[in-house]
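One structure is given below, encoded as structure tokens.
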Amino acid sequence: MMWPFTPAFPLQIWPSQASVGAREMDALFLTELGISALMVLLIFGCIFFFAIKYHRRSPNERPRPIRGGIMLESAWSGIPLLVFLVFFFWGAKIYFANAAPPKDAMQIYVIGKQWMWYVQHPAGQREIDELHVPAGRDVQLILTSQDVIHSFFIPAFRIKKDAVPGMYTTEWFRATTPGSYHLFCAQYCGTSHSHMIGTVYVMKEADYEQWLAGARGEPMAVAGGKLYVRYGCDNCHGRICPTLSRLYMQQVGLADGRIVRADDAYMRESILDPGAKIVAGYPNLMPSFRGVLSELEVLELIAYIRSLGTPALAGEGAGIGAGQGLGTAAGIAAPDAREQQGNQNATPPDANPHVTQSDRSSEIQKREGGEVRTQ
Amino acid sequence: MPEAAASPIHSRMKHQFETLAQQHHADTLGMWVFLGTEVLFFGGLITAYVLYRTAYSAAFAHASLTLDIVSGTVMTVVLLGSSLTMAMAVHAAHLGHRKTLAVFLILTIVLGLAFLGIKGHEYYQKWEDHHIPGPGFVWDGPDARAAQLFIYFYFALTGLHALHMIIGAGIMGVLLLQTALGRVRTYTVEISGLYWHFVDIVWIFLFPLLYLVDRHK
Amino acid sequence: MAASTEPLVGRTPNYLNAEHSVKSWLLTTDHKRIALLYLVSITVMFALGGIFAMLIRIELITPQGDLLSSDSYNRAFSMHGIIMIFFFLVPSIPATLGNFLVPMMVGARDLAFPRINLLSWYLYIAGAAVMLYVMVTGGVDTGWTFYAPFSSLFSNGRVTLTVVAVFIAGFSSILTGLNFIVTIHTMRAPGMTWGRLPLFLWSHYATAVIMVLATPVLAVTMMMLGLEHVFHIGIFDPALGGDPILFQHLFWFYSHPAVYIMILPGMGVVSELIACFSRKRIFGYGFVAFASLAIAILSFLVWGHHMFVSGQSAYAGMVFSILSFLVAVPSAIKVFNWTATMYKGSISYDTPMLYALGFIGLFTMGGLTGMMLATLGIDVHVHDTYFVIAHFHYIMVGGAVMAYMGGLHYWWPKLSGRMYPEIWGRISATIIFLGFNLTFFPQFIAGYLGMPRRYHAYSPEFQVYNVLSSAGASILAVGYLMPLIYFFWSMRYGPRAPANPWGATGLEWKTASPPPTENFEQPPIVLEEAYHYSDEEAPIA
């Protein structure tokens, strides 16, 4: 065993504050720390003081019992309870703010897998174990895992969220200070859990634009459009199946009477487990693509569907439901979704500007010439 | 302690107790606390089942139809009958009627074994239909995964219940032996009766939860 | 307290010398002997868990993972947690001190079900044996929390056997709890009303309620995990329609109340120690008693505070957060009442008192950091970091283990008939207190800085804190070794103890040290409250 003890000096005792949320959280923590320190001093102080002042001087001492009262007990129950309630509300306020990303936040997709982080920007940049973000802008991360539960932890931003297989979770932040910061996996995930780490680069707006313009892959929506055609989705959707145009974040009426919102979790489920929620008036014909599509491909398809537009009355926030692994949360009561569905039946999903006419016609030719899919 | 010297059913006090009444009180409370733990034990499994049933209601309803409602009903009647014979056994023990006690214990055991026999037949059916969860699982229908989950819970819940029945039958067997040897104690019969009734009640929950999913539709 | 001047107390017939054969020990139904059987087995498991802790702390001296491979380290921390929680902390005080004292404190000859008591020890041994087998055949690398789907589908450790071991040990716990509830309800001596019960019994009663109600859920969760690991049905596998978060809910539904199983008995011990060594009744006896029950009940309602970042809904997070704050209030009530007991008391600094005072201070620190963790906004940052590790070690080691040590020293004369050497007792208590703080306080800082838990290779800026922590751990280890040595020494060379060396109230002190097998010739009759120190006839050391 080696002994290279070269500690990092100057000694760091406080993590960097690189986001708006970090400052808010530190304020709350320091307040709690202060009150706790006072309590500890009080208790330790009393103990020391009493132990010394009332030290047994003779073996026959018989102290008189002191009867407590309900007043004293109520006081030292009630006052801590009030302090606790203050901390509860303050903490809940921060937590709720963190749970609801702003509507116009920039979205970045993160897929955790043993033992690396795969980061996909919608415009096409891919990163491994790195995350480049601009300072001063709201950034929302949409997380999932390909295997076991991981957790995406950026100490400098004071954020953390588990990446759970089978569902999407989300966290968001607004970085303030350019620099590079730790990224850690914070949920034990097997052999190389300690090495599932990376770096978050916060860049000034100009530098970020420059980085964006650099080497990039296909925008997610474009890749999704190609998958859409390759897997024959357009054979059915928009014809005998519900159209996907302007579907994103729409209220959908199901066969069993429920009304749900077509958010990311709904769409993921519809691709991987189509029988779980059947749209009212349509047959249960869609095959499952579980095992056929990777998590990334599912995200690309969802990006494509989003690019087909959202209804005019789109709801607040991003498209992540409550994140229950067993299905999406029920939507808010809304005007009859079926009417909206019916109106759009005839419109083929060609609103995607990235898919050119020649691409489409060649694909249609290929299919009409070759196998015809019957359901 | 005054005991009916003529009665063949007598009690002996253990050394840690002061009075027989204290011993009886402790034993009865002990059985109730134990049954409390069993409620939580089955409760955990039932909770998980209910959650999945809510998530996959259609698939679970469909899978539930593969359970034989006739068998299930017969089993319920048999088990309720065994609770009746158990209660009669306790009654006989209170009155000191050893022969009647023995008869009702035998009836309870027979009914319990009948229940287990029908359950075993059901399990065999499932095996023949390739409905055992795991690699050999065969299902026609789009909801195979959810159906497998249902069958898994069916086996886990009824299997655990059957294990408790077997233990219960064993306890009854021991009581029968004690009755034959003239060494049975009234309140042992009582406490064993508590256990038997509890196992019965668990079935009363399992039957509708597993067999009666959406049958009216 | 003075060494005994009474003649040859230890040579009279007592439970230790009643019979000498191995069979009389292994088939005993005497609660006192069973307590000693547990004492030996638990000490062995504590030593094993401690060895894993030493491996961890030595590895963490350097930022690189250079002592153990990743897989070995993952097994080391998993074994440390599983052994320490299921095979040391959960049984510790209840199975040793509880088994020994509950019948004596209620004035009975034994527990309600002595044979079930023996069965619970054998179940513990069976579970421990399976765990030892796991240890020598590769270990398990899931962490003591066994999160799915890693544990059900991905781990190549001995998952199934480990869940079997935990399942068996769980039944040991259930039987102990069942015995305590029935004993306290039905076997109290004449005159011992609920209002005259020593607080040790109130705590053990509350603990027993938790043991009996929560442990079955652990058992069924372990069963489902085991079945999933073997048959891959998909109950926790999202690819097959299962929900990994369901596992977390089921697991924490037991494991949160479990932490109160680990601390409540310690609180009961501390109440006895503070009362005796302040020679005063516990201030606010009724409040402390009801606080134990309140903690037991509320403990079932807060499990989701382990899951604030798991993907559960924010509303659920809110509910669990406010309830977690609520459960802290009864603990605060106890701390204030203990401190107030010392006011105008007559305080002596014997070893048990040093441990009790250490408990109050360290438990307060651990509890306040728990409040920080209950705060939603803060937990998002410190969850799964060393901050959490420091928090629970303050409660479990700074709290529960110190209470256990204090109780062992306090009742050692009763258990063994001998006095331990007081000066060494005080020295080791001090070493333990200092070593403990050096080990775990730096972990708060490292955690807030962002050092995640279960990492064996970490970023260099955390090294200073890790080195301090490892240094503290070696001091702590010395502190724990010393009582092991001098307790053994005392069994042969310690001065013989009188019936009541501390001048304490309580029925157990009315018997000889060590007590006869039957505890009491006749059931004692209780006429005064539990801590009648100010009575004219109250005992004096």
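Here the structure is a predicted model, which is why all the values come from computation and not from measurement. Proteins come first, then strands; the chains are lettered A, B, ... in the order of their sequence lines, and each starts at number 1.
The shortest heavy-atom contact between A:Ile66 and C:Lys280 is CG1-CE, 4.1 Å. Minimum interatomic distance between C:Leu368 and A:Met39 (heavy atoms only, all atoms of both residues): CD1-CB, 3.7 Å. Here the closest heavy-atom approach between residue C:Cys276 and residue A:Arg56 is recorded as O-NH2, 3.6 Å. The two atoms that bring A:Asp162 and C:Ser310 nearest to each other are OD2-CA, 3.4 Å, heavy atoms only. Nearest heavy-atom pair across C:Val309 and A:Lys161 is O-CD, 3.6 Å. Taking each heavy atom of A:Asn60 and C:Arg279 in turn, the nearest pair found is C-NH1, 4.0 Å.
Ring orientation note: the planes of A:Trp14 and C:Tyr448 are tilted relative to one another, at an angle of 30° to 60°. Note: C:Phe462 and A:Phe184 have tilted aromatic rings, judged against thresholds of 30 and 60 degrees for the angle between ring planes. Classification of the C:Tyr349-A:His55 ring pair by plane angle, with boundaries at 30° and 60°, yields parallel.
With a threshold of 4.5 angstrom between heavy atoms, A:Ile154 does not approach chain C through any atom at all. Residue contact with chain C, scored on non-hydrogen atoms closer than 4.5 Å, involves the backbone and the side chain of A:Gln187 alike. Using a 4.5 Å cut-off between heavy atoms, C:Ala148 contacts chain A through its backbone alone, with no side-chain atom that close. Looking at C:Tyr147, the atoms closer than 4.5 Å to chain A (heavy atoms on both sides) all sit in the side chain, from C-beta outward. For A:Leu72, the part lying under 4.5 angstrom from a heavy atom of chain C is the side chain only. Looking at A:Ile197, the atoms closer than 4.5 Å to chain C (heavy atoms on both sides) all sit in the side chain, from C-beta outward. Using a 4.5 Å cut-off between heavy atoms, C:Phe363 does not touch chain A at all. For A:Phe88, the parts sitting under 4.5 Å from any heavy atom of chain C are the backbone and the side chain alike. If you measure heavy-atom distances from C:Ile378 to chain A, the contacts under 4.5 Å come from both the backbone and the side chain. Neither the backbone nor the side chain of C:Ala446 comes within contact range of chain A, judged by heavy atoms closer than 4.5 Å. Looking at A:Ala99, the atoms closer than 4.5 Å to chain C (heavy atoms on both sides) all sit in the side chain, from C-beta outward. Interface residue A:Pro80: only side-chain heavy atoms are found under 4.5 Å from chain C. Using a 4.5 Å cut-off between heavy atoms, C:Ser324 does not touch chain A at all.
Listed options A:Gly91, A:Pro63, A:Gly190 were ranked by heavy-atom pairs under 4.5 angstrom with chain C; first place goes to A:Pro63. Ranked by non-hydrogen atom pairs under 4.5 Å with chain A, the options C:Val329, C:Val335, C:Thr364 are led by C:Val329. Contact count against chain C (heavy-atom pairs under 4.5 Å) is highest for A:Ile47 among A:Ile35, A:Asp273, A:Ile47. The candidate from A:Leu143, A:Leu85, A:Ile149 with the greatest count of non-hydrogen atom pairs under 4.5 Å with chain C is A:Ile149. Annotation: maximal heavy-atom pairing with chain A below 4.5 Å, among C:Thr142, C:Thr339, C:Asn337, C:Asp237, occurs at C:Asn337. Chain A forms the most heavy-atom pairs under 4.5 Å with one residue out of C:Ser70, C:Gly345, C:Pro149, and that residue is C:Gly345. Between chain A and the residues C:Arg453, C:Met353, C:Arg454, the largest count of heavy-atom pairs under 4.5 Å involves C:Arg454. Between chain A and the options C:Ser152, C:Gly284, C:Ser72, C:Ala314, heavy-atom pairs under 4.5 Å are most frequent for C:Ala314. Most heavy-atom pairs under 4.5 Å with chain C, from the set A:Phe157, A:Tyr95, A:Tyr54, A:Phe89: that is A:Tyr54. The candidate with the highest count of non-hydrogen atom pairs below 4.5 Å against chain C, out of A:Cys46, A:Ala156, A:Ser77, A:Gly78, is A:Ser77.
Within the 4.5 Å cutoff, side-chain heavy atoms of C:Phe283 are placed close to those of A:Glu73. Looking only at side-chain heavy atoms (C-beta outward), C:Arg281 and A:Arg67 come within less than 4.5 Å of each other. Taking the side chain as every heavy atom from C-beta outward, A:Ile43 and C:Phe336 approach each other to under 4.5 Å. Residues A:Arg158 and C:Val380 are not in side-chain contact: their nearest non-hydrogen atoms beyond the backbone lie 4.5 Å or more apart. Using a 4.5 Å heavy-atom cutoff, the side chains of C:Tyr465 and A:Ile13 are in contact. With contacts defined as side-chain heavy-atom distances shorter than 4.5 Å, the pair A:Asn98/C:Leu376 does not qualify. Residues C:Leu449 and A:Pro155 fail the side-chain proximity criterion, which asks for heavy atoms closer than 4.5 Å. With a 4.5 Å cut-off on side-chain heavy atoms, A:Phe84 and C:Met371 count as touching.
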Tell me, with the steps shown, if C:Thr375 and A:Ile94 meet side chain to side chain contact (heavy atoms under 4.5 Å, CB included).
-> CA-CA 10 Å; C:Thr375 309; A:Ile94 294 181; over 6 Å; no

Step-by-step side chain to side chain contact (heavy atoms under 4.5 Å, CB included) determination, A:Glu61 to C:Tyr533 = CA-CA 10 Å; A:Glu61 264 178 13; C:Tyr533 284 101; over 6 Å; no

Working for side chain to side chain contact (heavy atoms under 4.5 Å, CB included), residues C:Met451 and A:His182 = CA-CA 10 Å; C:Met451 180 174 172; A:His182 282 302; over 6 Å; no

Check the pair A:Phe153, C:His381 against ring-ring contact (aromatic ring centres under 6.0 Å, His included), reporting the backbone distance first and the verdict last.
-> CA-CA 8 Å; A:Phe153 176 36; C:His381 176 57; 5.8 Å; yes

Side chain to side chain contact (heavy atoms under 4.5 Å, CB included) between C:Met372 and A:Leu33: does it pass, once the steps are laid out?
-> CA-CA 8 Å; C:Met372 295 175 190; A:Leu33 188 61; 3.9 Å; yes

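Between the side chains of C:Asn74 and A:Tyr188, at least one donor N or O lies within less than 3.5 Å of an accepting N or O.
Note that the OG atom of C:Ser346 and the CZ atom of A:Arg64 stand 13.5 Å from one another [nearest 0.5 Å]. Note that CD1 of A:Ile52 and CD1 of C:Ile347 are 10.0 Å apart. Values are rounded to the nearest 0.5 Å. Interatomic distance, CZ of C:Phe287 versus CD1 of A:Ile70, reported as 3.5 Å (0.5 Å rounding).
Ring centroids of A:Phe96 and C:Tyr315 are separated by less than 6.0 Å, placing the two rings close together.
Atom CZ of A:Phe44 has more than 12 neighbouring heavy atoms from other residues, nucleotides or ligands inside a 6.0 Å radius. The environment of CZ in A:Arg57 is crowded: more than 12 heavy-atom neighbours from other residues, nucleotides or ligands sit within 6.0 Å.
If you run ring-ring contact (aromatic ring centres under 6.0 Å, His included) between A:His193 and each of C:Phe150, C:Tyr458, C:Tyr455, only C:Tyr455 comes through.
Residues of residues 16-28 of chain A placed with any heavy atom under 4.5 Å of a heavy atom in chain C are listed by number as A:Met25, A:Asp26, A:Leu28.
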